[in-house]
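Below: the structure, in structure tokens.
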Amino acid sequence: RDDRVMLVMSDELPMLTGILGAFRGGFVAVPVSTMLTGAELGKIMADCGARVVLATSEFADAVSEAIALSPDVEHAVLAGPGALDLPDRVEGHTWHDLTDAGEAGDRDAAPTTDDSWALWLYTSGTTGLPKAAMHRHANIRHVCETYGAQVVASPSPEKRTTMPMQKTSACVMLSFLPPDWRLRRSCATQARTPRTTSASRSSRTRSGRRRRTGRRASCRSPGRTCG
């Protein structure tokens, strides 16, 4: 429980599934910037005490350098071709090894609570050393229920384009979904939303105007009191 899993990966499905898998297993996902050098990455890796590192091939060199500087790392998983240059203390795995182990292992979710750590996001370090912003499982749910349901899956283009991006972990996680998934989800939502045609809106507007006009006329009639 609460072991840190660092992810140095491109924004594709393996990263999304790695984060969700860490949540489900009761671990703490630590996705980091892929712009970091090996030395910079090694400082963060050592600071969070990551025991597992997930990486994609394009960042293999930086990850290999960082792992050599991080004494707590025990397992490293590479998604894609190639291999990591690992010290003897670290066991290397492929992405298929990881998914096969998941299929054969315990599929039940770990008994986490709202206050359990879920995600650590490191600051950019512009004013000093990068620091971890710690997010709880409750934070993930709250943003999925607000930003995810009301903006990403909203049928309203105005909400999707004008609402500012919230700097929270769930927003980051949702951004890993392929654009075509978001488009399909939005189209499906719109298909379930009753449409109001311009003709029906005009009809209701005209009828409402007639009713309001009629009331004002009756109030002006001699001998009547408007209430």
Side-chain angles (χ1 to χ4, degrees), residues 1-34 36 41-56 59 63 66-67 69-80 84 86-87 89-123 130-149 152 166-178 181:
R1 291 278 301 276
D2 294 335
D3 285 338
R4 268 71 71 196
V5 178
M6 178 172 282
L7 301 97
V8 191
M9 310 181 80
S10 54
D11 294 350
E12 300 292 344
L13 286 178
M15 184 173 192
L16 173 62
T17 55
I19 292 176
L20 294 179
F23 291 169
R24 188 172 180 84
F27 307 118
V28 181
V30 188
V32 295
S33 171
T34 55
L36 299 173
L41 193 58
K43 292 178 181 178
I44 296 177
M45 197 177 292
D47 180 74
C48 73
R51 294 183 61 188
V52 178
V53 177
L54 308 182
T56 46
F59 311 114
V63 170
I67 289 176
L69 303 173
S70 309
D72 294 322
V73 177
E74 298 177 5
H75 300 274
V77 181
L78 184 66
L84 295 169
L86 301 173
R89 59 180 170 79
V90 179
E91 186 174 352
H93 311 271
T94 66
W95 188 256
H96 291 299
D97 293 338
L98 180 65
T99 56
D100 289 346
E103 289 288 342
D106 186 358
R107 304 294 293 276
D108 294 334
T112 56
T113 68
D114 278 358
D115 288 329
S116 299
W117 286 338
L119 193 82
W120 289 8
L121 295 178
Y122 272 81
T123 62
K131 300 176 181 62
M134 302 176 183
H135 299 268
R136 302 174 300 134
H137 276 265
N139 300 138
I140 307 299
R141 186 182 71 252
H142 294 160
V143 183
C144 286
E145 291 172 351
T146 54
Y147 181 81
V152 174
Q166 302 175 31
K167 290 188 176 180
T168 56
S169 55
C171 296
V172 175
M173 187 171 65
L174 288 169
S175 72
F176 299 144
L177 291 171
W181 179 93

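Remember, it's a predicted structure, so these values are computed and weren't measured experimentally.
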For this session: Under the side chain to side chain contact (heavy atoms under 4.5 Å, CB included) rule, collect the residues that match up with S116, sequence neighbours excluded.
Result: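 Checked S116 against side chain to side chain contact (heavy atoms under 4.5 Å, CB included); matches are R1, T112, T113, H137.
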
Problem set entry | With V77 via side chain to side chain contact (heavy atoms under 4.5 Å, CB included) - residues at least two apart |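 With sequence neighbours excluded, V77 shows a side chain to side chain contact (heavy atoms under 4.5 Å, CB included) to L54, H93, W95, L98, given in chain and number order.
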
For this session: Would you name the heavy atoms of S70 and G42 that are closest together and state the gap between them?
Result: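 Between these two residues, the closest heavy atoms are OG-O, 3.5 Å.
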
Problem set entry | Nearest heavy atoms of M9 and A55, plus distance in Å |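 That closest heavy-atom pairing would be CG-CA, 3.9 Å.
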
Would you compute the distance between atom [atom1] of [X] and atom [atom2] of [Y] and round it to the nearest 0.5 angstrom?
| X | Y | atom1 | atom2 | value |
| --- | --- | --- | --- | --- |
| R4 | I44 | CZ | CD1 | 14.5 Å |
| E74 | E91 | CD | CD | 10.0 Å |
| H135 | H142 | NE2 | NE2 | 13.5 Å |
| N139 | L119 | CG | CG | 9.5 Å |
| M134 | C48 | CE | SG | 9.5 Å |
| F59 | L7 | CZ | CG | 12.0 Å |

Determine yes or no for a side-chain-to-main-chain donor-acceptor pair under 3.5 angstrom, with [X] supplying the side chain and [Y] the backbone.
| X | Y | result |
| --- | --- | --- |
| R89 | V73 | yes |
| D100 | D97 | no |
| T56 | S10 | yes |

Please list, chain by chain and in numerical order, all residues satisfying side chain to side chain donor-acceptor pair (under 3.5 Å) with [X], sequence neighbours excluded.
| X | value |
| --- | --- |
| D114 | R141 |
| D2 | none |
| T99 | none |
| D72 | none |

Exercise. Are L69 and K43 close enough that some pair of their side-chain heavy atoms sits under 4.5 Å apart?
Worked result: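 In short, these two side chains do not touch, never coming nearer than 4.5 Å.
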
Problem set entry | For D106, all residues meeting salt bridge (charged side-chain N to carboxylate O under 4.0 Å, His left out), sequence neighbours excluded |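 Here no residue qualifies.
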
Exercise. Can you pull the ring-ring contact (aromatic ring centres under 6.0 Å, His included) pairs that have at least one residue in residues 97-117, sequence neighbours excluded?
Worked result: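 ring-ring contact (aromatic ring centres under 6.0 Å, His included) check on residues 97-117 returns W117-W120.
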
For residues 14-29, which side-chain donor-acceptor pairs fall under 3.5 Å, sequence neighbours excluded?
from, atom 1, to, atom 2, distance (Å)
T17, OG1, L13, O, 3.0
T17, OG1, P14, O, 3.0
R24, NE, R107, O, 3.3
R24, NH2, R107, O, 3.0

Problem set entry | Over 12 non-hydrogen atoms of neighbours within 6.0 angstrom of NZ in K131 |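 Yes.
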
